[in-house]
Structure formats: C-alpha cells, structure tokens
Amino acid sequence: MATEKITFHQSAYSIVLFCFGSSVIIGISSSANQDGWISIILATICIIPVFLMHARIIKLFPEKNYFEIIETVLGKKIGKIITALMLWYSVHLAALVLCNFGEFIQVFDMPETPKLSITILMILTTVYLARSGMRSIGKWSVVGICFLLFVVLFTFATSVHQMHFENLLPVMEASPSQILKSSFEIFTFPYGESVIFLCVADSFHKKDNPYRVFFLALAIVLPVFLTVFIRNLALLGLPMINASYFPSYIAVRIIEIGDFFARIESSISSNFILAGIVKIAICLLAASKGIVSLFGLQNNRVFIMPVGMLALALSSILYTSTMEMFIFLDYYMYYALPFQIIIPLGVWIVAEFKRRKKGQMINTPEDASL
Amino acid sequence: MFFKKPRERKIQNLEKQVEHWNTSLDDLKIKSSLDENITIIKKLFENMDMMRYKTIQMKGKSEKRYFLAFCDGVVDSEIINTHIVKPLMTLTPTGGDSLLEALLSSVVQVGESKIVDNFKNVVENVTYGDTILFAEGCNQAAILNTKHFALRSISEPDNEKILGGPREGFTESLTQNLSQIIRRLRTHEFKTKFITLGRITQTSICLCYIDSVVDKGVLQELFRRLEQIDIDGVLEENYISENIRDNRYSTFRTTGYTERPDVVVGKLLEGRIAMLVDGSPLVFTAPYFFIENFQSNEDYYYSFYYTSFSRFLRICAFFLTVAVPGFYLAVVAFHQEMLPVQLLMKLALERQSVPLPAAIEAVIMLLVFDILRETGMRMPSNVGHALSIVGALVIGQSAVEASLVAAPMIIVVAATGITGLLIPKLNAPIIFWRILILLMSATFGFYGLTIGLSLLFIHMSNLTSFGVEQLSLPGSFQFQNIKDIFIRAPWFKMVERPRSLTRNRVRQSGGEVRQSGGDERG
Amino acid sequence: MLIGIVLFLFLAVILYDYNVYLNKVRVQEKVVYYSLMLISLCILLLQNANVSIPSPAEAIINALRALPGIQ
C-alpha cells in the first residue's frame with residue numbers, strides 16, 4: 001500500500017518532538033552535576049556523525065524503510081534476525097515511554113488512579129494517531145513544536161527573576177571522565193533513539209535532503225535542551241535536582257507570575273503528552289512495519305493496535321515502582337548500544353561496500369547480490 | 001359494432017400493460033394511434049384530478065386530431081389558450097418533415113419546445129409545468145414550455161445576514177438561482193451540467209464550475225459518486241451530500257453549504273464546484289476546507305483589520321466553546337492550586353453550598369442552555385418575551401439563590417453557549433466534542449483535557465474533502481498559503497488561489513497599483 | 001475491577017477492528033493479529049490477577065551485569 005509522505009518541515013519537527021519525548025519531563029540526567037550543559041553540547045557533537053550515517057543510509061535507499069534496507073543489504077536470514085531485534089527494540093521503547101508517562105501522571109496528578117487506566121487512555125490515543133498515518137503525525141508535530149517552544153520560552157521568561165545563575169558555577173568541577181560518561185548517557189537517551197526514524201523513513205519525500213532534515217532537527221533540539229537544563233539548574237540548585245525524579249516539574253512548580261499566578265506545573269504535563277504521543281506513535285508505526293517485513297505481509301495499518309496492546313502489556317510488567325525505572329535508566333546506555341549504533345553501522349558499511357562493488361545505487365535484492 | 005370488440009380488447013390490454021409498466025416507464029414508447037396514447041395517459045394519471053386534457057379536432061380537408069395534456073396549477077393558462085389552443089384550431093401546419101415538426105415550426109407559438117418519444121419524459125415534464133401535444137399518426141409527442149408557478153421573492157437569507165453588501169439570497173427555483181449566479185459570471189468558462197436524481201422526485205440538479213480553474217480530478221470524482229446514488233427522493237442538498245461525503249460518520253462537515261449567490265461565486269472563482277438542487281435554496285460546494293467554517297463573505301467587504309480580528313475571534317470561539325467547561329472542571333476538581341488564592345476562596349465558598357458534584361452540574365446546565373436555544377428557534381415569536389423571563393430569572397437567578405447551581409457555573413455555561421453561537425456552521429461537532437472533553441476532564445483532570453483536545457485534533461487532521469485534506473499544516477510558512485486563514489490579507493496581497501484547489505493559481509498580477517504623484521513625494 | 005476493564009477494552013477493540021480491518025485482510029495477517037492480542041491479553045490478565053510475571057528489564061540488567069566492566 002502506498003505510504004504517505006510528509007513535508008520537509010514536518011519531518012524535522014517530528015524528529016524534534018521524538019527527541020523530546022521523555023526527556024522534557026525526566027530531565028536530561030547528568031552524573032556530571034552542574035556541568036551537564038557541557039555534556040549536552042558534547043553529546044550533540046557526538047551525535048552528528050551518527051545522524052550523518054542515518055542520513056546517508058536514507059539517501060542510499062530513497063523512499064525505503066529500514067527493514068526493507070536490512071533485507072536488501074544483509075540478505076534474508078540475517079535480515080530477519082536483525083528485523084526481529086529492531087522490532088523488539090521499538091516495542092520496548094514504546095513500553096518504556098508509556099511507563100515513564102504512567103509513573104509521572106500517577107505520582108503527581110492522580111495517586112489513587114490505577115496506572116492501567118492512565119496508560120490505556122494514552123495508548124488508545126496513540127494508536128488512533130498512528131493509524132491516521134504519518135500525515136497526521138506530521139501535522140501534529142507542527143502544532144506540537146509551536147506549543148512546546150512557547151511553553152519552554154514562557155516558563156524560562158517568567159522565571160528569570162527567580163533564577164540563581166550562580167548554581168551553574170563552578171564550571172568544570174566534574175572530572176572529564178564524568179562529563180564523558182554523562183554525555184554518553186545523553187547520547188543514547190534521547191538522541192540515539194532516532195534510529196527508529198530510519199524505520200519510518202519511507203515517508204520522507206525523495207526530493208527532501210535527509211541531511212538537512214536531521215540538522216534542522218538538531219538545530220532546534222540543542223537550544224531547547226540547554227534552556228531546559230539551565231532553567232532547572234538555576235531555579236532549583238544542584239541538590240534538589242539530584243534528589244527529584246522529575247526536575248522539570250518541580251522547577252516549574254516554584255515559578256510565580258506576577259503576584260497572583262503560581263503552581264502552573266500542570267501546563268507542562270501537556271507538553272509531555274504532546275511529545276510522548278509522537279514518540280510512542282512512531283515506535284508503533286515502526287514496529288508494525290517490522291511485523292509486515294518479518295512475516296512477509298502487506299497491510300501494516302492493521303498491526304498497529306496489537307502492537308499497541310503489546311506495549312501496554314509490557315509497560316505494566318516492566319517495573320513495579322518508579323525507582324526501578326530510574327535504575328534501569330542507568331543500564332540503558334549499554335543495552336541500547338547495539339540497536340542504536342552497531343546495527344546501523346553494520347548496515348551502512350555493508351551498503352557502501354556493495355555500492356562500491358556495483359558502482360550504482362542499490363534498489364532491489366537482485367542488485368545487492370554480488 | 002363488429003370492429004369495436006377487438007378495439008375494446010386492445011384498450012383493456014393496454015391498460016394492463018400500463019399497470020405493469022408503472023414502475024419503469026423507460027420502455028413505454030409513444031404509439032402512433034392517438035386513441036392508444038390517450039388511453040395510456042389517462043391510465044397513468046388515473047386518480048390525479050389535477051390533470052387536464054383537451055382534444056382538438058380540425059374540420060376541413062385533412063382531419064387532424066390533436067390532444068393536449070397539462071397539469072393545472074403549474075401552467076400558465078394564458079399561454080395555453082392564446083398561443084397553443086387558438087393556433088391549433090385555426091392555422092394549418094406547413095413545412096417540416098413530420099406533422100409535429102410542422103406544428104412546432106409554423107403553428108404553435110411557444111418559444112421552447114422539444115420532441116420526445118417515450119412516456120417517461122412525458123410524465124416528468126407534464127408535472128413540472130409543460131404541456132404535452134400529441135398528434136394523430138405521430139409516434140412522438142411535443143413538450144411545450146408553459147411553466148408558471150408561484151415562487152418566493154428574493155430576500156436575504158436569515159442565517160447569513162450581513163451588515164452591508166449584496167442582499168440577494170437563493171430561492172426554491174433552480175432557474176432563478178442559476179440566473180443570480182450567471183449574471184455575476186459573464187464568461188463562457190462557467191459551465192452548468194444538469195443531472196437528475198431521485199426515482200420518484202426526479203429532481204434536477206445542476207453542477208456548476210469554472211472550466212479554467214477547477215480541478216478536473218475532483219470533478220470526475222464528484223460525478224462518479226453522484227452516479228452511484230440510488231435514492232427515491234432528493235429534497236435538499238443534504239440528502240445528497242451525506243451520501244457522497246468522505247468521512248461519513250464524522251461530526252464535521254466536509255462539504256460546504258450556503259444560501260447566498262455572492263458566496264457561491266466567490267467559491268467558484270477559487271476553483272470549487274457548486275451543486276444547486278431544485279426545490280431548495282441551499283447550495284452545496286466542494287471541496288471544503290476547515291477554515292471555511294470560520295470564513296464569512298462580509299470578511300471581504302470591510303476593512304481587513306476589522307475582519308482579521310473578527311476571524312480571530314471566531315477561531316478562538318471554537319476552541320473556547322469546546323474547552324472551557326472542561327478547563328473549568330479540571331481546575332476546580334483537580335488542580336485547585338492553579339487559581340490565585342482569592343479566586344480560590346470565592347469559588348470554594350460558592351461551591352460549598354451546592355449539593356451536586358461539579359461534573360453533573362455542568363452537564364445539566366449545558367443541557368438547559370441547549371433546551372433554551374432550541375426552544376428559541378421553534379416557538380412562535382409572541383411567546384419570546386416569556387421565554388427570556390423564564391431563562392434569565394428562573395433558571396439563572398433563582399437556581400443560584402436556591403443554591404442548586406453555583407454562580408460560577410452559570411457564568412461558565414453562558415460563556416460556552418454564547419461562543420458556541422458565534423459559529424453556526426460548527427454546531428454539530430461542538431455539541432459532541434464539548435461533552436466528550438467535559439467528561440474526560442471530569443474523570444482525569446488536565447490530563448483528560450489534553451487527551452480530549454488531542455483526540456479532537458487527530459480527528460480533524462484525518463478529514464478529507466473529495467481527496468483534498470481539510471486541515472493542511474505543511475510546516476513551512478509561505479505567505480500565499482496562509483494569507484486567508486487566521487487573518488484576512490488585504491486584496492492587493494491576494495495574489496494566488498489556494499494551492500490544494502487548483503493548479504491555475506495566478507489570480508491577479510500582484511503588483512501594487514501605483515498612485516499618481518508618487519514620484520514628486522519621493 | 002481492573003480485569004473487567006481489560007476484558008472490556010479488548011472486546012471493544014476487537015469488535016471495532018473487525019468491521020474496519022479484519023474482514024478485508026488475508027488469513028496470515030489475521031493469525032498474527034490474533035496471536036499478538038492473545039499474548040497481550042494473557043499478560044495483562046495475569047498481571048492484574050496478581051500473578052508475578054518476570055520482567056524483561058530484570059533479565060536485561062542481569063545479563064548486562066554478567067558482562068565485564070559494568071557493575
């Protein structure tokens with residue numbers, strides 16, 4: 001069935017919202033304490049080659065999604081194994097975001113509501129969005145990015161008078177190895193998860209330059225991350241950030257606007273919903289395309305609902321408490337490494353190798369055979 | 001005597017055949033014998049006492065017999081008496097290949113006429129005000145235009161009133177409506193195609209478009225869908241549009257309707273297709289964008305500052321009316337910390353004495369508001385005074401004083417209701433989505449409100465109108481694509497037509513009209 | 001009560017999907033669809049009936065701890 005195309009700006013904005021998915025609420029974790037902004041910048045520099053690699057893969061196989069590329073390049077047997085791995089990763093990622101979200105809403109908004117009803121509502125909305133196709137996700141991203149930027153700037157601007165910028169000092173107090181470790185964490189979560197975008201890359205127009213899409217996304221993500229981090233640090237101070245699970249929420253809680261308005265933290269939970277829905281929807285779309293590729297089927301719309309239910313089931317058994325969720329985050333970078341770097345690297349190297357041998361673009365499995 | 005029996009049998013056979021053919025008249029051809037035709041017509045219109053028949057027999061060398069059939073009430077008797085019956089009785093037909101053609105060209109003094117050969121056309125036309133002329137020996141009949149029915153005079157439609165500008169509105173006659181449109185489009189590119197829909201009503205439908213601007217793909221799709229309609233009667237454009245729309249179960253309309261000719265011509269000029277239905281003043285337009293719910297024709301007649309502000313008000317009104325009850329409930333029931341302290345204390349004081357929970361109170365008050373609104377539409381005008389007293393005093397004042405309803409709730413419901421009346425075209429989705437978002441906020445607070453608004457947005461982004469997306473958000477800001485959405489750009493900036501409607505985009509040259517004397521002023 | 005919500009959810013979802021998608025797809029797709037729904041239904045029902053299901057997160061953490069260099 002024909003895949004829907006999204007425009008250049010829509011694809012860039014959906015990548016931005018995808019990167020924001022969980023980190024706008026969980027905060028950009030840093031074991032580098034107040035030098036987190038250095039590790040954010042370092043992580044952004046490190047992700048540039050990875051984005052270049054992703055864009056190159058997209059450019060080599062225009063209008064194909066990741067699973068088709070894997071099968072084309074690596075052959076049927078290995079391709080199916082790698083497809084199954086990527087499929088598991090997408091479902092797990094969807095379940096992770098759902099879990100983050102459920103914990104957040106339950107802890108702060110509705111402690112007595114069972115987590116299941118919150119996550120059911122979320123997954124149903126997300127399945128509705130994913131079923132409407134990439135076209136709707138593109139439109140949602142356009143609205144979401146305006147809203148997101150507005151909320152971030154608004155909270156920053158209204159809290160300037162309460163900020164203590166001396167919380168950012170001393171600079172470089174953390175040792176370089178700590179900063180490097182922290183930047184590695186930020187690299188895998190959230191930047192590295194954009195490997196999922198390769199799975200839905202058949203929605204990019206052929207004429208859109210994928211390099212420019214990724215770099216536009218990066219150009220928007222970096223300032224916003226820095227703004228959020230500096231805002232949290234300046235408002236709360238280091239000990240509070242280390243002690244709280246959701247620093248953005250606590251930071252916005254103390255903002256006072258004028259004399260009469262305070263406690264506006266519920267508005268940034270809507271921020272999370274907007275970004276989180278996009279992230280889960282893209283993961284669901286990627287997973288349903290993976291199923292289609294794995295079993296050799298055709299219609300990928302019909303699998304979005306069962307994959308959503310699977311993510312729902314997974315999210316209810318993954319963790320038993322919020323603390324377990326944050327412990328897993330410490331191990332996440334090692335677990336995600338093969339999916340985010342090793343597999344795309346392998347695919348890219350083999351694709352370039354085969355292209356050099358053949359001397360032209362590879363489009364079908366026949367072309368790829370040596 | 002000896003020859004009548006077979007003739008009587010033949011007549012009986014014919015009557016039986018007509019009964020059999022009553023369901024499909026296509027195969028019933030006009031016979032050569034005038035007596036057979038008379039029998040068939042009288043049998044078809046057996047209990048229809050409005051039909052009038054006249055047999056004319058000329059004495060003279062060639063004894064020609066003619067038979068006229070028409071329906072009383074829809075014909076102009078003056079024309080029939082003076083210009084059909086009198087010449088038939090006095091003049092002799094000359095020229096022409098057949099008798100009927102000779103009659104039409106030299107005897108009958110009617111400007112519009114045509115010749116048909118089956119009874120289906122006869123039946124369709126005689127009920128619409130035409131006179132049918134049968135002649136002895138001809139297996140065809142002539143249809144003469146003698147239409148004359150009483151029509152409503154042209155007046156401004158009640159739902160689309162404007163302050164200043166054209167005040168014409170459509171009426172129930174297809175030709176009169178078309179005349180209002182064609183006077184405004186003096187070009188050969190304006191095409192009108194007639195089709196007939198409805199098995200029993202045989203309603204005439206006219207599809208209008210401007211050939212050089214319209215998207216031919218949408219036109220073909222519209223024709224294809226209209227061909228598939230098989231319905232017994234079409235009284236109004238909604239009968240058709242609900243059958244052929246995309247997204248049939250959605251509360252939002254994906255085709256437009258209007259009662260004003262200037263609106264229709266404006267839409268035709270942008271590349272849309274209009275469909276007029278005989279018997280109804282509402283005209284259907286396709287494709288339809290979401291923003292057209294908020295556009296009004298007077299936006300283009302007044303200052304662009306004022307109308308941009310009005311349009312912005314209407315768009316805000318939509319979101320307010322859908323979200324305000326939910327927002328109020330979420331804040332009051334879940335997130336009281338968001339309110340400033342003084343407001344919170346006042347609200348708490350008011351709410352303390354009210355027995356019902358806020359959600360049920362909100363639903364009841366919204367229902368009451370809708371009942372009042374609906375009553376205002378249906379009741380006779382001399383009871384209006386009593387209604388406003390009931391509404392304001394009893395429900396508003398007394399209910400609050402008796403502490404059945406909290407005063408802030410009345411304010412919220414009034415705000416919701418009034419903003420809802422600002423956009424009449426969206427009254428269907430507003431009712432549905434307002435209740436849905438209210439229930440979700442009542443259950444889940446701000447989370448529910450956001451999820452409800454997200455569902456609304458996803459639903460809106462799914463809507464298509466004949467293949468064209470209703471809500472188009474490409475992300476890149478090109479002025480020519482957004483010049484007419486949130487603001488109304490001045491006319492000298494309206495250089496191009498909407499991108500999704502047509503390829504032929506250039507509307508005006510785009511250069512500014514230079515004022516004289518500009519060089520001296522520098 | 002949560003078991004009731006889960007059952008109601010799955011019933012509603014399958015009924016809705018039946019009209020929209022399931023009578024237009026091939027047999028293999030139906031098989032995959034129903035098997036995935038069955039797996040998730042079982043997991044959710046067991047979880048809400050207080051049967052402890054081993055979490056993949058634990059397995060991943062244990063597997064990672066077994067590798068050298070990660071604590």
Side-chain angles (χ1 to χ4, degrees), chain A residues 4 6-14 101 104-106 108-110 113 117-118 121-122 124-133 135-147 216 253 256-274 276-278 281, chain B residues 247 250 290 319 323 326-327 329-346 436-437 439-464 467-478 481-482 486 499-500:
Chain A
E4 299 166 329
I6 53 178
T7 67
F8 172 79
H9 290 269
Q10 281 175 346
S11 14
Y13 296 153
S14 42
F101 185 78
F104 169 69
I105 292 282
Q106 193 180 36
F108 282 106
D109 271 348
M110 293 175 279
T113 314
S117 28
I118 300 171
L121 209 58
M122 181 77 157
L124 285 178
T125 315
T126 316
V127 165
Y128 186 26
L129 179 63
R131 272 198 177 166
S132 314
R135 201 177 55 185
S136 292
I137 295 183
K139 289 183 202 173
W140 175 286
S141 317
V142 174
V143 172
I145 199 117
C146 296
F147 194 72
L216 177 61
R253 197 175 255 197
E256 285 170 13
I257 306 176
D259 246 344
F260 52 91
F261 235 168
R263 301 288 301 273
I264 54 169
E265 70 265 14
S266 311
S267 50
I268 70 162
S269 63
S270 54
N271 230 355
F272 187 20
I273 298 177
L274 269 109
I277 285 187
V278 169
Chain B
N247 304 108
S250 160
F290 187 70
F319 290 106
F327 183 79
L329 272 185
V331 166
V332 155
F334 287 87
H335 301 280
Q336 298 91 348
E337 69 269 7
M338 273 189 70
L339 299 167
V341 177
Q342 280 186 332
L343 186 57
L344 182 61
M345 293 206 306
K346 282 227 164 54
L436 183 72
I437 292 182
L439 291 174
M440 295 203 58
S441 312
T443 328
F444 289 103
F446 253 114
Y447 172 50
L449 177 69
T450 317
I451 293 276
L453 289 173
S454 319
L455 285 173
L456 175 61
F457 181 77
I458 302 174
H459 182 71
M460 272 170 24
S461 68
N462 267 341
L463 297 169
T464 60
V468 175
E469 284 175 19
Q470 266 215 336
L471 199 66
S472 162
L473 288 168
S476 55
F477 291 101
Q478 290 177 350
N481 287 336
I482 60 170
F486 294 106
R499 180 177 44 120
S500 333

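Everything numeric here is computed off the predicted structure, so don't read it as measured data. Reminder, nothing fancy here: chain letters follow the sequence lines and each chain counts from 1.
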Distance, nearest 0.5 Å, that separates CG of A/Asn271 from OG1 of B/Thr450: 10.0 Å
Residues that A/Tyr128 engages under ring pair (Phe, Tyr, Trp, His ring centres under 6.0 Å), provided they are two or more places apart: none
More than 12 heavy atoms from other groups under 6.0 Å of CZ on B/Phe334: yes
Nearest non-hydrogen partners of B/Ile458 and A/Leu129, listed with the distance: CD1-CB, 3.6 Å
Contacting region of A/Leu121 [heavy-atom separation from chain B under 4.5 Å]: both
side-chain contact (heavy atoms from CB on, under 4.5 Å) against B/Leu344, all qualifying residues, sequence neighbours excluded: B/Gln336, B/Leu339
Interatomic spacing from CD1 in A/Ile277 to CD1 in B/Ile451 - rounded to 0.5 Å: 4.5 Å
A/Ile118 versus chain B, the contacting section by heavy-atom distance below 4.5 Å: both
Which atoms of B/Phe444 approach chain A - backbone, side chain, both or neither, heavy atom under 4.5 Å: both
Close aromatic pair by centroid cut-off 6.0 Å: B/Tyr447 and A/Phe104: no
Engaged part of A/Phe101 at the chain B interface, taking heavy atoms whose separation is under 4.5 Å: side chain
Contact leader toward chain B among A/Cys146, A/Gly138, A/Gly133, A/Ser136, where contacts are heavy-atom pairs under 4.5 Å: A/Ser136
Partner chain A: residue of B/Leu473, B/Leu455, B/Leu343 with the largest heavy-atom pair count (under 4.5 Å): B/Leu473
B/Met440 portion near chain A, given a 4.5 angstrom heavy-atom threshold: side chain
Proximal component of B/Gln342, with respect to chain A [non-hydrogen, under 4.5 Å]: neither
